[in-house]
Amino acid sequence: MRLIAFVLAAFVVSGPAAAQSWQEYSYPENSFSLMFPVAPQIETRTYQAADGRNVPARIYSARQDKGVFKVTVADLANTGLAENAVIDHAVKMLSQGNEVKVDFPHRIYQVYGRQLSLVGKDGSRSTVAVFDTNGRLYQIEAKVLPGGNDTDLIRFQQSLVFDRALSNRSEDTIRNIREACRGVVNNPAGLDDPRCKRQ
């Protein structure tokens with residue numbers, strides 16, 4: 001599913017300049033890589049976790065034309081928060097002031113999370129994905145203002161890649177998901193993946 005969306009996005013991009021400006025950036029200390037349209041700024045801040053506590057966070061962000069692209073990696077290692085609480089809190093905060101158009105399970109390799117599509121009151125459009133793994137919250141956000149390029153939303157979100165060794169599900173759980181959703185192409189993103197629903 002991710003591959004198809006990325007391939008489609010690659011065909012939609014107009015002009016060689018647009019394609020050449022995006023580059024992949026790798027952050028092995030946080031076990032991920034992704035593409036930005038320009039070199040991102042990196043800042044250390046805090047993130048308010050589900051229990052109200054502020055935790056250290058690293059923000060990677062870039063702006064180009066009418067687009068804003070950001071990844072937040074928050075350190076949740078010592079919070080003791082359950083994955084559902086972390087993801088639900090992130091979704092709630094990201095949804096404030098926006099209309100939620102899509103809220104689906106999402107998966108990158110063996111890391112499972114949520115994917116959102118949002119429309120702001122100002123007409124902006126956003127795609128968001130959130131994951132809780134390895135003691136960290138990963139929150140990826142792409143937003144374009146009216147008149148911005150929707151392809152950039154897809155390109156940014158679909159470019160996120162986690163280290164292959166990273167996983168937030170046991171091998172047994174992953175096997176059970178695959179068996180329960182036989183016939184789903186590209187492996188399901190969890191039992192709540194709409195593609196797993198039986199007639």
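All values reported here derive from a predicted model rather than from experimental measurement.
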Taking every non-hydrogen atom, the tightest pair across Val128 and Gln157: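 Shortest heavy-atom separation between Val128 and Gln157 comes out as O-NE2, 3.1 Å.
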Would you check if [X] and [Y] make a side-chain contact, meaning some heavy-atom pair closer than 4.5 Å?
X	Y	answer
Asp51	Leu81	yes
Pro37	Asp65	no
Ile154	Thr127	no
Phe32	Asp163	no
Asn149	Lys66	no
Arg169	Glu83	yes
Ile177	Tyr112	yes
Gln23	Tyr25	yes

Which is it for Lys143 and Asp152 under the salt bridge (charged side-chain N to carboxylate O under 4.0 Å, His left out) test, yes or no, and what are the steps along the way? CA-CA 9 Å; Lys143 178 178 182 178; Asp152 290 343; over 6 Å; no
About how many Å separate [atom2] of [Y] and [atom1] of [X], when rounded to the nearest 0.5 Å?
X	Y	atom1	atom2	result
Arg53	Tyr47	CZ	OH	13.0 Å
Asn176	Leu191	CG	CG	8.0 Å
Thr173	Arg178	OG1	CZ	11.5 Å

Determine, step by step, whether Arg125 and Leu118 satisfy the side-chain contact (heavy atoms from CB on, under 4.5 Å) criterion, reporting the C-alpha distance in whole Å, the side-chain angles of both residues, the deciding distance to 0.1 Å, and the verdict. CA-CA 6 Å; Arg125 297 170 311 285; Leu118 308 170; over 6 Å; no
Shared ILVMFWY cluster between [X] and [Y], side chains joined below 4.5 angstrom?
X	Y	result
Val130	Leu116	yes
Val68	Leu145	no
Leu94	Val119	no
Met35	Tyr109	yes
Val38	Phe69	no

Inspect the surroundings of CD in Glu171 and state if more than 12 heavy atoms from other residues, nucleotides or ligands are less than 6.0 Å away.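 For Glu171, atom CD is not crowded (no more than 12 foreign heavy atoms under 6.0 Å).
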Residues, nucleotides or ligands: over 12 heavy atoms within 6.0 Å of Arg63 CZ: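 No.
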In Asn78, Val73, Thr79, the residue satisfying side chain to side chain contact (heavy atoms under 4.5 Å, CB included) with Leu76 is Thr79
If you measure only the distance, is there a donor-acceptor pair under 3.5 Å linking the side chains of [X] and [Y]?
X	Y	result
Asp172	Ser170	no
Tyr138	Arg136	yes
Glu141	Gln139	yes

Do any N or O atoms from the side chain of [X] and from the backbone of [Y] form a donor-acceptor pair under 3.5 angstrom?
X	Y	value
Asn168	Asp132	yes
Arg107	Pro188	yes
Ser117	Val102	no

Run the side-chain contact (heavy atoms from CB on, under 4.5 Å) test on Leu34 and Val161 for me, step by step, so that the C-alpha distance in whole Å, both residues' side-chain angles and the decisive distance to 0.1 Å come before the verdict. CA-CA 6 Å; Leu34 80 168; Val161 175; over 6 Å; no
Applying ring pair (Phe, Tyr, Trp, His ring centres under 6.0 Å), name anything that partners Phe131, two or more places apart in sequence or on another chain.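 By the ring pair (Phe, Tyr, Trp, His ring centres under 6.0 Å) rule, Phe131 matches His106, Phe162.
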Do the rings of Tyr27 and Tyr60 sit parallel, tilted or perpendicular, given the 30° and 60° boundaries? tilted
What pairs of residues pass the side-chain hydrogen bond (donor to acceptor under 3.5 Å, both in side chains) test when at least one of them lies in residues 85-98, not counting sequence neighbours? none
Going through the distances and angles, do Ser159 and Glu24 end up as a side-chain contact (heavy atoms from CB on, under 4.5 Å)? CA-CA 8 Å; Ser159 73; Glu24 184 176 60; over 6 Å; no
